[in-house]
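Here's the structure we're looking at; comments come further down.
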Amino acid sequence: MKLFAVLLFLVASLTIQAQEVNLNGATYTVKGKAVLKDNIDITSKLSVEEKKEILEALKEQKALKVERAKADKRAKKAEKALKKKEKAQSNFDKSSSRYNKAVAKYESLKKRGRLSPVKEAKWIEKVEKLRYKRDKLEVKLNKCKINLK
């Protein structure tokens with residue numbers, strides 16, 4: 001069983017090192033400096049220009065792969081920043097709503113004269129805590145930046 005696993009790993013590593021290039025409708029496999037077509041080494045049969053063309057196509061293919069990876073990374077980063085901004089906006093909206101409701105209720109109770117001095121102090125403290133939380137979340141929301149470069 002171990003021998004089978006080792007052989008499987010060896011075959012996988014050899015196939016990973018080989019890279020395929022499509023050029024002029026033909027598929028070439030490049031392993032180091034050897035060029036294969038249909039698993040047959042044709043390096044000696046190719047002209048210098050053809051070898052150079054195949055290697056250039058391989059370089060272009062690698063460069064495109066790197067660019068795609070960078071673009072994917074930037075997109076993920078922008079998506080993450082957008083989610084963070086949306087979450088901060090949601091938290092700020094909830095906090096702001098709670099603060100506004102508390103202020104309205106405090107004003108209503110105060111207007112009707114239903115607040116004792118102790119309850120009024122508790123309401124003032126509650127409203128101040130909610131205002132502090134709202135202000136803190138507003139600062140956090142303003143710090144969220146989205147760069148789409």
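FYI, side chains are in, hydrogens and waters are out, and symmetry mates aren't considered; it's all heavy atoms of this structure. Bear in mind that the values here come from a model prediction, so they are computed numbers and not experimental data.
A chain of hydrophobic side-chain contacts below 4.5 Å, direct or via other Ile, Leu, Val, Met, Phe, Trp or Tyr residues, connects I42 to L55. A continuous path of ILVMFWY side-chain contacts below 4.5 Å connects I124 to L115, so both sit in one hydrophobic cluster. Under a hydrophobic clustering in which Ile, Leu, Val, Met, Phe, Trp and Tyr are joined whenever their side-chain heavy atoms come within less than 4.5 Å, directly or via other members, L109 and L130 fall into the same cluster.
Side chains of N142 and E138: a donor-acceptor N/O pair is absent below 3.5 angstrom, by distance only.
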Could you walk me through whether Q89 and D93 pass the side chain to side chain contact (heavy atoms under 4.5 Å, CB included) test, one step at a time? CA-CA 6 Å; Q89 182 68 48; D93 292 343; 2.9 Å; yes
Would L46 and V35 count as a side chain to side chain contact (heavy atoms under 4.5 Å, CB included) here? Give the steps. CA-CA 9 Å; L46 294 173; V35 178; 3.8 Å; yes
Run the side chain to side chain contact (heavy atoms under 4.5 Å, CB included) check on Y106 and E120 step by step: do they pass? CA-CA 8 Å; Y106 167 71; E120 186 172 358; 3.2 Å; yes
Starting from the C-alpha separation in whole Å, work towards a yes-or-no answer on side chain to side chain contact (heavy atoms under 4.5 Å, CB included) for L36 and Y28. CA-CA 6 Å; L36 308 172; Y28 299 98; over 6 Å; no
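Side chain of D41 to backbone of T43: a donor-acceptor contact under 3.5 angstrom is found.
The OG atom of S96 sits 11.0 Å away from the NZ atom of K101 when rounded to the nearest 0.5 Å.
Between K105 and W123, some side-chain heavy-atom pair lies under the 4.5 Å cut-off. Side-chain contact between Q19 and K62 is present, with at least one heavy-atom pair separated by less than 4.5 Å. Using a 4.5 Å heavy-atom threshold, the side chains of V30 and I54 count as touching.
Classification of R131 and E128 as a salt-bridged pair holds, one side-chain N sitting under 4.0 Å from a carboxylate O. Ion pair E107/K111 not flagged as a salt bridge, since none of the NZ, NE, NH1 or NH2 atoms sits closer than 4.0 Å to an Asp/Glu carboxylate oxygen.
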